[in-house]
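The structure appears below as structure tokens.
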Amino acid sequence: MLPAPMGEYPVGKTQFIVPHTTYNDPVAPPEWNGTGSFVLASMFYPTVSSSCSNRTMRYVDEHLARYYEARYDLPAGIMSRVRAPIAPEAPHRPKADREALPTVLLSAGASNPCVLDSVLAMDLASMGYTVICLDHPGEVPYLQLPSGEGIAGIPFDETWDSAYDIYTNRVPDTLALLDFLPSFAAENALPINTSCYVAVGHSIGGNAGVASVAYAESVVGGINLDGSMVGDNTTNIEGPFMIMAGEGHNTTTDPSWDAFLGLQTGEWQLLTVEGTRHSDFVDLTVLAEVLGVGKAHMRLGPLDGYRMREITTIFVKAFFDSIMGSGGGLLDGPLPTDEWPEVQRTKAST
């Protein structure tokens, strides 16, 4: 079982299709003739029913379970047994309880499904946020649709060209969601904020999350979790953002960050979390502890996975608090601190 959410509310989850045409789609399944027609949205949200606190759902479908077991040399069947403390299709908590909070746009890393960011999503939802993540058909290893249909992904070769191809889908996908969401929320009486958003993403998703600040006025700030700027690294987004980096990832080892940061006129911070690697910013860091296989086995850094989960959630929320005017708390003072000795402020705007 994944650990319980860090906030006070039980968490619900639902999925829905967002119509969106992607011409010359680099990851479209072969039978689609290069044109995508939709993306799948996963929405995590605070729910109202106390009975939902005891409900769980399967963490990943059988196809993804087998994929990750093979990728990380895990015992057969171990991923299938993992459950998440999330209530599927539970009722939404009334908006009055959390009216001032923006909706969170969450973007996964290249070829990663949204489910691999479930821990951060459910933590933020349990704190009152609505969190929406998009899966682009063909990019992820396997995409299970609400209809029961499944779509196999194309292989991802982990080159810069492939990463850029995926990035070119991400911002248009997000803009399509922003266009679609107000009418969808109204038609379904969903108590979510459709006028103000914040973005957070991992890897290429972090690149797209920060870039979305420049493309949509309703996106008021972004967080990049250890992602290189493979696109828009020569753009001044003119808005607040934060980068959280794994150990050894900095403006010297990643010239894309140096070029990007040098152009910015808005407020920003670059934080480094010692003892971490690139994939410590997603669920793998917790799964290594839950499954008992050890973090080295999952190609992760030595920092305890539960501690890393706490750091990611707390600092992401602190950034959201700061840009929404409720105070950044630990982001306003010096870093590291006695409470957060792993987190270094490497650079910041002046």
Side-chain angles (χ1 to χ4, degrees), residues 18 20 22 25-27 36 39-44 64 103-124 129 131-141 143 153 156 158-160 162-178 197-216 219 221-233 235 237 239 241-246 249 254 256-257 260 270-271 273 276-285 308-309 312-313 315-316 319-320:
V18 178
H20 174 48
T22 304
D25 188 346
V27 298
V39 290
L40 177 65
S42 294
M43 181 161 58
F44 301 77
L64 284 179
T103 294
V104 178
L105 305 174
L106 177 60
S107 189
S111 81
N112 282 354
C114 284
V115 71
L116 210 60
D117 290 296
S118 292
V119 172
L120 177 59
M122 72 178 185
D123 278 347
L124 292 173
Y129 291 92
V131 182
I132 303 176
C133 185
L134 297 178
D135 280 311
H136 193 105
E139 180 192 331
V140 300
L143 185 60
F156 176 60
E158 300 190 13
T159 64
W160 284 103
S162 294
Y164 183 77
D165 284 344
I166 288 174
Y167 170 80
T168 60
N169 282 346
R170 292 298 182 91
V171 173
D173 288 352
T174 297
L175 297 179
L177 173 67
L178 299 185
Y197 301 88
V198 287
V200 58
H202 171 246
S203 194
I204 201 73
N207 181 175
V210 166
S212 66
V213 179
Y215 287 95
V219 183
I223 301 174
N224 178 351
L225 301 176
D226 206 46
S228 296
M229 301 298 291
V230 301
D232 291 301
N233 65 328
T235 299
I237 67 169
F241 68 92
M242 180 173 74
I243 298 175
M244 293 184 70
H249 191 179
D254 190 341
S256 74
W257 281 359
F260 177 71
L270 170 56
L271 309 181
V273 186
T276 64
R277 297 183 66 182
H278 187 61
S279 291
D280 276 296
F281 291 89
V282 299
D283 291 0
L284 294 177
T285 197
M308 181 55 186
R309 174 266 189 110
T312 302
T313 296
F315 276 80
V316 166
F319 177 80
F320 292 165

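Heavy atoms only: backbone and side chains are in, while hydrogens, waters and symmetry mates are out. As the structure is a prediction and not an experimental result, all values here were calculated from the model.
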Item to complete: Would you mind reporting whether Phe320 and Val104 have side-chain heavy atoms less than 4.5 Å apart?
Response: yes
Item to complete: Please report the closest heavy-atom contact between Ser111 and Ile166, naming both atoms and the distance.
Response: N-CD1, 4.2 Å
Discussion item. Just verifying a value: how many Å separate Cys133 SG and Phe44 CZ, rounded to the nearest 0.5 Å?
Written reply: 7.0 Å
Worksheet entry | Flag, side chain of Arg309 to backbone of Leu120, donor-acceptor distance under 3.5 Å | no
Item to complete: Using atom types as modelled and distance alone, determine if a side-chain donor or acceptor of Asp280 lies under 3.5 Å from a backbone N or O of Arg277.
Response: yes
Worksheet, complete the sentence: To the nearest 0.5 Å, atom CG of Leu134 lies from atom CG of Leu106 at 9.5 Å
Worksheet item: Between Val39 and Leu177, does a side-chain contact (heavy atoms from CB on, under 4.5 Å) hold up when you go through it step by step?
Response: CA-CA 9 Å; Val39 290; Leu177 173 67; over 6 Å; no
Item to complete: Say whether, by atom type as modelled, one donor and one acceptor occur between the side chain of Asn207 and the main chain of Gly227 under 3.5 angstrom.
Response: no
Item to complete: Name the orientation class of the two ring planes belonging to Phe241 and Phe260 (parallel below 30°, tilted from 30 to 60°, perpendicular beyond 60°).
Response: tilted
Worksheet, complete the sentence: For Ala41 and Val18, the nearest pair of non-hydrogen atoms, with its separation, is CB-CG2, 4.0 Å
Discussion item. If I take atom CG from residue Asp117 and atom NE2 from residue His202, how far apart are they, to the nearest 0.5 angstrom?
Written reply: 7.5 Å
Response to the item:
CG of Asn112 to CG of Leu284, rounded to nearest 0.5 Å, is 7.5 Å
Worksheet item: Atom OH in Tyr215, atom CG in Leu175: separation rounded to 0.5 Å?
Response: 8.5 Å
Discussion item. So Ser212 and Arg170, do their side chains get closer than 4.5 Å, heavy atoms only?
Written reply: no
Discussion item. Counting C-beta onward and ignoring hydrogens, is there a side-chain heavy-atom pair between Leu178 and Leu105 closer than 4.5 Å?
Written reply: yes
Worksheet item: Hey, are the side chains of Pro141 and Leu64 touching, using non-hydrogen atoms and a 4.5 Å cut-off?
Response: yes
Discussion item. On a heavy-atom basis, which atom in Val213 and which in Gly239 lie closest, and how many Å separate them?
Written reply: CG1-CA, 4.1 Å
Worksheet, complete the sentence: Correct closest heavy-atom pair for Trp257 and Met229 would be CD1-CG, 3.8 Å
Fill in: Phe319 and Val198, any side-chain heavy atoms less than 4.5 Å apart
no
Discussion item. Return the NE2 to CG distance between His136 and Asn169, rounded to the nearest 0.5 Å.
Written reply: 4.0 Å
Item to complete: Kindly give the heavy-atom pair with the smallest separation between Ala110 and Ile204, and that separation in Å.
Response: N-CG2, 3.2 Å
Discussion item. For the backbone of Pro113 and the side chain of Asp135, can you confirm whether one donor and one acceptor N or O come within less than 3.5 Å of each other?
Written reply: no
Worksheet item: If you take all heavy atoms of Gly109 and Ser203, which pair is closest and at what distance?
Response: CA-CB, 3.9 Å
Worksheet item: Is the backbone N or O of Gly246 less than 3.5 Å from a side-chain atom of Asp226, with the two atoms forming a donor-acceptor pair by type?
Response: yes
Practice prompt. Run the numbers on Val27 and Asp165 for side-chain contact (heavy atoms from CB on, under 4.5 Å), then give the verdict.
Written response: CA-CA 8 Å; Val27 298; Asp165 284 344; over 6 Å; no
Worksheet item: Can you check side-chain contact (heavy atoms from CB on, under 4.5 Å) on Val210 and Ile243, steps first, answer last?
Response: CA-CA 9 Å; Val210 166; Ile243 298 175; 5.5 Å; no
Discussion item. Strictly distance-based, threshold 3.5 Å: is any side-chain N or O of Thr312 a donor or acceptor partner for the main-chain N or O of Met308?
Written reply: yes
